[in-house]
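All values reported here derive from a predicted model rather than from experimental measurement.
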Amino acid sequence: MSGMIKYVLKRLGIILLTLIIIISITFFLMKLMPGSPLANAARLSDTQRQVIEAQYGLDKPLIVQYWNYVVNALQFNFGNSFQFQNQPVSTLIAQRIGPSAQLGIQALVFGIVFGIGLGAAAAVRRNTAADTGLSIIAVLGVSIPSFVFAALLQYYVGLKLNWLPIAGWEGFKFTILPTIALGMQPMATAARFIRTEMVDVMGSDYIELARAKGLSGSDIVWKHTLRNSLIPLVTLIGPMAVNLMTGSVVIEKIFAIPGIGGQFVSSILTNDYPLIMGTTIVYSMMLMVVLLITDIVYGLIDPRIRLSN
Amino acid sequence: MKIIKPALIATGVSLALPLAFQTGVHADKYKTINWTETAPISTMDPSKVTAANDFDALTATNDGLFRADKHNNPQLALAESYTKSKDGKKYIFKLRPNLKWSNGTPLTAHDFVYGWQRTNDPKTGSQYAYLYSGIKNADAIQSGKEKDLSKLGVKALDDRTLEVDLERPLPQLIQMLPMAPFFPQNEAFVKKAGSNFGTQSKYILSSGPYVQQDWNGSNDTVSYKKNQNYYDKRAVKTNHLVIKTIADANTGYNLYKSNTIDFTNLSPQQVTASRHNKAYTTVPSATTSYMELNEKTVPEFKNTNIRRAISYAIDRNVLTDKLLTGSATPATTFSSTHLVKDPNNGEDFSKSATVKGAVDYDLPKAQKLFDEGMKQEGKKNLKVQLLIDDSDAGKRSAQFLQDQLQRIKGLDVSIKTVPYKQRLSLTQEKNFQMVISLWGADYADPSTFLDLYKSGAPFNSGSWNNEKYTKLIDKANNQDVNNPKKRFADYKQAEQIMSKEMGVVPLYYRSQAAFMRPSVKGMVTHPAGAIYDFKWAYKE
């Protein structure tokens, strides 16, 4: 187990380093963005502008700004937003991260659970019409962007059928359509993956052996095939989380979800430097933590990896 | 519905009890209005406001000395009367008696003095403080030359009397008073809230029709209740108003259709299908889209014939009807429509100042003028780049303009697309050849447009230089400043010179197509300042 602790510590060190690199790149890219964060900059007197710049520390040399920023950001002090005046960026993010996280987790769970179900069903009935149908669903799910699903669900399920709320975030009912829209892609990915893995495993020697020993069909599928096919699925969760985070920016806008995605987009459009940085760092951290967790879990469940480590 | 003028219901103090009962009845009679804006509130600090929807929220919760009525004419609000000196440089405002903030503390002339001083204080960083230019020492205080805030030309003679001193007459002063940067601010409250002031509902006070309930600084659904301490609460029929942030036009459309919301903006694509709906409406805005031709980077643009040729090559009707459906009408002047009426003939100023045939579509004429101009310049071909931002309207306009302008033989137009903020900074740095700009009025007066294009003025990005034009603007601001008719005649003449010489190339006047539920009545919209005023609105 001490090997695992060492491994985690090493990974945390890499995360910190990566964060510093991300902060640096974002900082300088942001400084290259033309235009002022002030909405009415041209109408300010020089004194007014100097006062505002001093308030945000923009009067200092770039390298000093950069150093201050890295030091503060690593302590989660991102400064105050330009657009939301006098509001600390950390508060703005904290107030809105809940819905984003909930949506992401729900979509991931939805995608994986239904993906496994569909994939397993297709594998068991492989080379039948049902399998082809499921494959088509999977291909559509992967290739159609989530905002198209979102618009279709909103119009048909929300407006025409009136089964679920069209938009907003006032209880679980409101989360269903955005979860499905965002979860389609992970679902399709998982389904395709599980099907391939299971078909592979089903042809392997130990399944032949189990069959020869006279185990029932369902035991073979559930205990031996599916369980062994699930292990590699863990590796997919990382990339899925990336997709979910980028996808949620659009989904949040379409379903009017008070998350950090929409806020992130508007911060970029208004050159709200502190909010851009804060959100970028939070997104990157979430992503790296998810990747770390999947790696740890993978190590825990797959003996081959544990041994080689 | 005719709007009840505040002056008519000024005193109802002795009837306080039965009236309070009556308003209770009213509150039950009308339903909650579910409004939408496309962006969340970013600040409720009247000194720091910049975003359009923040102006709306501040106007819902506050009153100034004046409040704009449904024709966008300022009417006495917290002030019950005023006098103006003969030279137009001194105003005395008398406040209504017994005015109160929403927390019950008295609202006095000192609150105006404090609020105005705070907006001018360079430490506040108000981006609308420039509106005060012309009020005594405002410029000096904002530039830091005058450190003593009490030198600002606003004084409380007593709790109900406010004196405003000007450096020069400001004909637009009354027009500006309904705007948030001129609202009163309670010194004790603002100081106690410190840097939290205006960042959450609990850190603001109301002087107007509604009290904001539950804004936490970043939430997307904010509700408002009637302000029981508002002097004119009898005129406020709605007890509950909810404003949601809906950034996506399709979502707004679906929510409207499902009866969840009472108002939504429509995109040009949605307008075509919605035009004949009973709920369809267009909200005019005193905003003009125009092309600036940079004489510094393209010397040929100094030639009037070439500038006019460009204007004549554009069929504005196609642009507004086919591409920007519902959100634009063809422009014939730089000053927008719905800005102000010309006192000389009662017409909309933009109509009054339109020179027939000067801003028109005439391709053969365009070619002729272009050939003439190029001959004068001794050139054969002209290659120019059109700068636009990546907004939907920007891209639609640019492709159309490129196509139209290239019908002139010898003119080649390329497009450069940049983000909005970059378009602004490139324009201000005069680092462009042609640019599509958008200017929205600050207040209902031609100066908000025409003063921009004086020779050498900071927003004259095309560097168009016309001595006669500049002289007329100066005349309007000096010798004719106290004579509205003469002053408007000056502005009209200036506008006409600009149209004939094509100082800028007007494209379209902007408006906003929307669905508003027909059961919502009394809603007031303004082309400048706060767009939506909920004071008199109610839902049956």
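By number of non-hydrogen pairs under 4.5 angstrom with chain B, the leading residue of N80(A), L44(A), L38(A), N162(A) is L38(A). In terms of non-hydrogen atom pairs under 4.5 Å with chain B, the most contact-rich of S81(A), A167(A), G168(A) is A167(A). Listed options P419(B), G125(B), S218(B) were ranked by heavy-atom pairs under 4.5 angstrom with chain A; first place goes to S218(B). The residue among T124(B), N250(B), I246(B), N216(B) with the most heavy atom pairs within less than 4.5 Å of chain A is N216(B). Your options are E429(B), R423(B), K123(B), and the one with the most heavy-atom pairs under 4.5 Å with chain A is K123(B).
P37(A) touches chain B through its backbone: at least one of N, CA, C or O sits under 4.5 Å from a heavy atom, while the side chain does not. Heavy atoms of Q428(B) lying under 4.5 Å from chain A belong exclusively to its side chain. For L426(B), no part sits under 4.5 Å from any heavy atom of chain A, backbone or side chain. Heavy-atom distances place no part of K145(B) under 4.5 Å from chain A, backbone and side chain included. Contacts of F459(B) with chain A are made by side-chain atoms alone, with heavy-atom separations under 4.5 Å and no backbone atom involved.
Counting non-hydrogen atoms of other residues, nucleotides and ligands closer than 6.0 Å to NZ of K421(B) gives a total above 12. In F515(B), the CZ atom is crowded: over 12 heavy atoms of neighbouring residues, nucleotides or ligands sit closer than 6.0 Å. Atom NZ of K31(A) sits in a crowded spot, with more than 12 heavy atoms from other residues, nucleotides or ligands closer than 6.0 Å. Summarising the local packing, CZ of F28(A) is surrounded by more than 12 heavy atoms from other residues, nucleotides or ligands at distances under 6.0 Å.
Side-chain contact between K48(B) and N86(A) is present, with at least one heavy-atom pair separated by less than 4.5 Å. In this structure, S258(B) and I166(A) have side chains that are in contact, with non-hydrogen atoms separated by less than 4.5 Å.
Separation of atoms CD (Q48(A)) and CG (D121(B)) is listed at 9.0 Å; rounding is to 0.5 Å. Here the straight-line distance linking atom OG of S126(B) with atom CD of Q85(A) works out to 9.0 Å at 0.5 Å rounding. To the nearest 0.5 angstrom, F255(A) atom CZ is 10.0 Å from D248(B) atom CG. Of the inter-residue distances, the one linking I141(B) atom CD1 with S45(A) atom OG reads 11.5 Å to the nearest 0.5 angstrom. Taking OG1 of T221(B) as the start and CD of E170(A) as the end, the distance is 6.0 Å to the nearest 0.5 Å. Here CD1 of I257(A) is found 13.5 Å from OG1 of T245(B). Values are rounded to the nearest 0.5 Å.
A pairwise comparison of heavy atoms in F84(A) and G217(B) identifies CD2-O, 3.8 Å as the closest pair.
Residues from residues 142-159 of chain A that place a non-hydrogen atom less than 4.5 Å from a non-hydrogen atom of chain B comprise Q154(A), Y155(A), L159(A), given in numerical order. Residues from residues 261-279 of chain A that place a non-hydrogen atom less than 4.5 Å from a non-hydrogen atom of chain B comprise Q263(A), L269(A), T270(A), N271(A), given in numerical order. For residues 194-205 of chain B, the interface with chain A (any heavy-atom pair closer than 4.5 Å) comprises S195(B), T199(B), sorted by residue number. Below 4.5 Å, heavy atoms of chain B meet heavy atoms from V51(A), I52(A), Q55(A), all part of residues 51-66 of chain A.
In summary, the side chains of S42(B) and Q83(A) do not present any donor paired with an acceptor at a separation below 3.5 Å, with no hydrogens or angles considered.
With hydrogens and angles ignored, the 3.5 Å screen pairs no side-chain donor or acceptor of R43(A) with any backbone N or O of Q127(B).
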